[in-house]
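This one's a predicted model, so the numbers in the text were calculated from it and none came from an experiment.
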Amino acid sequence: MTRSEILQAVSTIVSLLAFILIATERRLVRRLRDGGAVSAATAIPLAARSVFARFRLSRLQSGGAVLTAGADRFFLDPTGYARYRRSRRKRALAVVAILALVIFAFFWS
């Protein structure tokens, strides 16, 4: 396999994984918004069945975007979600910068 083929295979896998995670997160947030779950009083049950859904829900919770109101009842904190998105955007930019350096080193070594 050539360097470009390896890079193409890795980028395809990473892109697919990123797509799945982002789509899963959007689905979780949409279910909370559509259910009107924006406070502890309006929290709804949220079943995260897949591995990806459980992972994204855990990340949303640790980031302060989704809060728990009792057993398996969740709600979206709009302020926390905005903060979470800003933080995620900064991390994404850092990852892109690092990947650009790795790609540069990979091809010009």
Side-chain angles (χ1 to χ4, degrees):
M1 256 185 151
T2 65
R3 287 182 179 182
S4 62
E5 291 172 335
I6 292 170
L7 185 61
Q8 186 176 20
V10 169
S11 67
T12 301
I13 292 168
V14 169
S15 297
L16 180 62
L17 183 61
F19 173 79
I20 291 169
L21 291 174
I22 290 169
T24 302
E25 181 178 305
R26 287 182 179 169
R27 201 170 319 134
L28 289 169
V29 170
R30 186 177 346 109
R31 286 198 312 213
L32 290 168
R33 283 186 175 150
D34 290 350
V38 292
S39 71
T42 59
I44 61 171
L46 191 61
R49 293 184 185 105
S50 74
V51 172
F52 295 114
R54 286 191 302 272
F55 175 71
R56 291 319 299 170
L57 182 58
S58 173
R59 294 290 294 199
L60 287 164
Q61 285 180 288
S62 66
V66 173
L67 303 175
T68 307
D72 294 329
R73 296 179 59 81
F74 302 93
F75 67 96
L76 181 68
D77 176 26
T79 306
Y81 186 58
R83 190 172 44 250
Y84 169 80
R85 287 183 51 113
R86 278 192 303 274
S87 172
R88 190 175 72 183
R89 208 172 297 127
K90 287 178 186 176
R91 277 183 282 147
L93 288 174
V95 168
V96 168
I98 291 168
L99 285 175
L101 291 173
V102 168
I103 290 169
F104 179 78
F106 191 67
F107 278 106
W108 282 277
S109 59

State the CZ-CG distance between Phe74 and Leu57, to the nearest 0.5 angstrom.
5.0 Å
Closer than 3.5 angstrom, by distance alone: can the side chain of Arg31 be matched with the main-chain N or O of Ile44 as a donor-acceptor pair?
no
Connected via hydrophobic side-chain network under 4.5 Å: Leu99 and Phe104:
no
Taking a hydrophobic cluster as the set of Ile, Leu, Val, Met, Phe, Trp and Tyr residues connected by side-chain heavy atoms closer than 4.5 Å, whether directly or through intermediates, do Val96 and Val102 fall within one such cluster?
no
Taking the side chain as every heavy atom from C-beta outward, state whether Arg33 and Arg30 have any atom pair closer than 4.5 Å.
no
CG (Leu28) and CG (Leu46) are apart, to the nearest 0.5 Å, by 5.5 Å
Partner residues of Ser39 under the side-chain contact (heavy atoms from CB on, under 4.5 Å) criterion, sequence neighbours left out:
Ala41, Thr42
List in chain and number order the residues that pass side-chain hydrogen bond (donor to acceptor under 3.5 Å, both in side chains) with Gln8, two or more places apart in sequence or in another chain; answer none if no residue qualifies.
none
Please report the shortest heavy-atom distance between Ala69 and Ala40, naming the atom on each side.
CB-O, 3.8 Å
Mind jotting down which residue pairs meet the salt bridge (charged side-chain N to carboxylate O under 4.0 Å, His left out) criterion with at least one end in residues 52-74? Sequence neighbours excluded, please.
Glu25-Arg56
When you compare the side chain of Phe75 with that of Val38, does any pair of heavy atoms fall below 4.5 Å?
no
Does the side chain of Leu76 reach to within under 4.5 Å of the side chain of Leu60, using non-hydrogen atoms?
no
Main-chain N/O of Arg83 paired to Ser87 side chain as donor or acceptor, under 3.5 Å
no
Establish whether Leu17 and Phe55 are linked, either directly or via other cluster members, by ILVMFWY side-chain heavy-atom contacts under 4.5 Å.
yes
Answer yes or no: are there more than 12 heavy-atom neighbours, outside Arg91 itself, under 6.0 Å from its atom CZ?
yes
Distance col, row Leu93:CG vs Ile98:CD1, nearest 0.5 angstrom, shows 11.0 Å
